[in-house]
There are 2 protein chains.
Amino acid sequence: MEEAIQALAEPRRRDILTLVFGREMKAGDIAAHFSVTRPAISQHIQVLKRAGLLHERRQGTCRYYRARPEGLEDLRRFIEQFWDYRLQLLKAAAEEEERRESAR
Amino acid sequence: MEEAIQALAEPRRRDILTLVFGREMKAGDIAAHFSVTRPAISQHIQVLKRAGLLHERRQGTCRYYRARPEGLEDLRRFIEQFWDYRLQLLKAAAEEEERRESAR
DNA sequence: CTATTTCGTTAGTTGACACTTACGTAAGTC
DNA sequence: GACTTACGTAAGTGTCAACTAACGAAATAG
């Protein structure tokens with residue numbers, strides 16, 4: 001999870017991930033979407049790959065990438081843990097409200 | 001969301017958030033849990049607060065903090081979007097498997 | 001009012017990281 | 001073999017952020 005959240009903390013890497021979400025793209029085509037140089041994007045891709053957030057498929061000299069949602073599993077659990085607590089708070093607040101309603 | 005994910009990218013800030021998850025704690029007591037200096041923790045707390053991830057309550061000279069799950073809403077949506085896609089892929093794979101089963 | 005406690009804030013330093021330029025590599029094409 | 005295409009990698013640079021030490025502020029105790 002450490003690597004995944006570090007990878008997502010960079011806005012451009014989130015953009016890359018969104019770009020290859022649900023469809024494969026060549027490294028060069030990905031880089032073409034950004035204003036920074038191609039090596040910069042290549043380095044971002046390596047970070048995402050190392051974090052388990054990208055899947056690579058090689059064909060000839062090209063490398064195709066697509067998002068790999070499984071890499072988000074741990075981070076998702078971390079977030080969801082807090083979110084469930086929020087729902088629990090909301091439920092408790094609603095019940096409190098109901099008690100006050102019926103007490104009138 | 002930008003501020004939230006930046007805040008969570010730092011391991012110590014995640015530790016702080018976990019520490020005040022479901023219970024209030026004084027700033028000093030939070031700092032006592034870590035090996036770095038108190039000002040360092042204080043700065044982390046400010047980052048978390050600015051990101052909307054912490055709630056502050058002042059009483060006398062003390063400041064009590066607790067996790068504020070609502071601050072995770074946007075980030076949660078971002079993660080969940082990819083996760084839903086994963087479930088969709090799994091479902092498609094299962095149906096494919098079923099088709100091959102019944103075709104035998 | 002002075003002293004103490006509990007904090008936040010500022011200044012300065014160090015390390016990490018995103019970037020560019022230059023180079024290396026692997027798979028075709030002629 | 002030499003050339004091209006589509007990449008990754010290495011070296012060097014500037015920026016930002018996490019930290020410590022020193023200081024400031026606000027509430028309370030005596």
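Below, read A as the first sequence line, B as the second, and so on, with proteins coming before strands; counting in each chain starts at 1. All values reported here derive from a predicted model rather than from experimental measurement.
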Considering just the side-chain nitrogens and oxygens of [X], establish if one lies under 4.0 Å of OP1 or OP2 belonging to [N].
| X | N | result |
| --- | --- | --- |
| B/Thr37 | D/dC19 | no |
| A/Arg13 | C/dA18 | yes |
| B/Thr61 | D/dA27 | no |
| B/Gln43 | C/dT9 | no |
| B/Tyr65 | C/dG8 | yes |
| A/Arg12 | C/dC19 | yes |

Do you know which two heavy atoms are closest between A/Leu53 and A/Ala7, and how far apart they sit?
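Looking at all heavy atoms of both residues, the shortest contact is CD1-CB, 4.0 Å.
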Only one of B/His55, B/Lys49, B/Glu24, B/Met25 passes side-chain contact (heavy atoms from CB on, under 4.5 Å) with B/Tyr65; say which it is.
B/Lys49
So which of B/Arg66, B/Arg68, B/Arg63 actually passes side-chain contact (heavy atoms from CB on, under 4.5 Å) with B/Glu56?
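Among the candidates, only B/Arg63 passes.
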Measure the distance from [atom1] on [X] to [atom2] on [N] and round it to the nearest whole Å.
| X | N | atom1 | atom2 | answer |
| --- | --- | --- | --- | --- |
| A/Arg38 | C/dT25 | CZ | P | 15 Å |
| B/Glu56 | C/dG8 | CD | P | 7 Å |
| B/Ile41 | C/dT6 | CD1 | P | 17 Å |
| B/Gln6 | C/dA18 | CD | C1' | 12 Å |
| B/His44 | D/dT20 | NE2 | C1' | 12 Å |
| B/Lys26 | D/dA27 | NZ | P | 16 Å |
| B/Glu10 | D/dC19 | CD | C1' | 10 Å |
| B/Ile45 | D/dC19 | CD1 | P | 12 Å |

Which nucleotide in [options] has an atom nearest any side-chain atom of [X]:
| X | options | value |
| --- | --- | --- |
| B/Ala27 | C/dT20, C/dG8, D/dG8 | C/dG8 |
| A/Arg63 | D/dG8, C/dT9, D/dA6 | D/dG8 |
| A/Ser42 | D/dA6, D/dT9, D/dC19 | D/dT9 |

Are B/Asp74 and B/Arg77 close enough for a salt bridge, meaning some N to O gap below 4.0 Å?
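Yes, charged N to carboxylate O under 4.0 Å.
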Looking at B/Arg14 and B/Glu10, is any side-chain nitrogen of the basic one under 4.0 Å from a carboxylate oxygen of the acidic one?
no
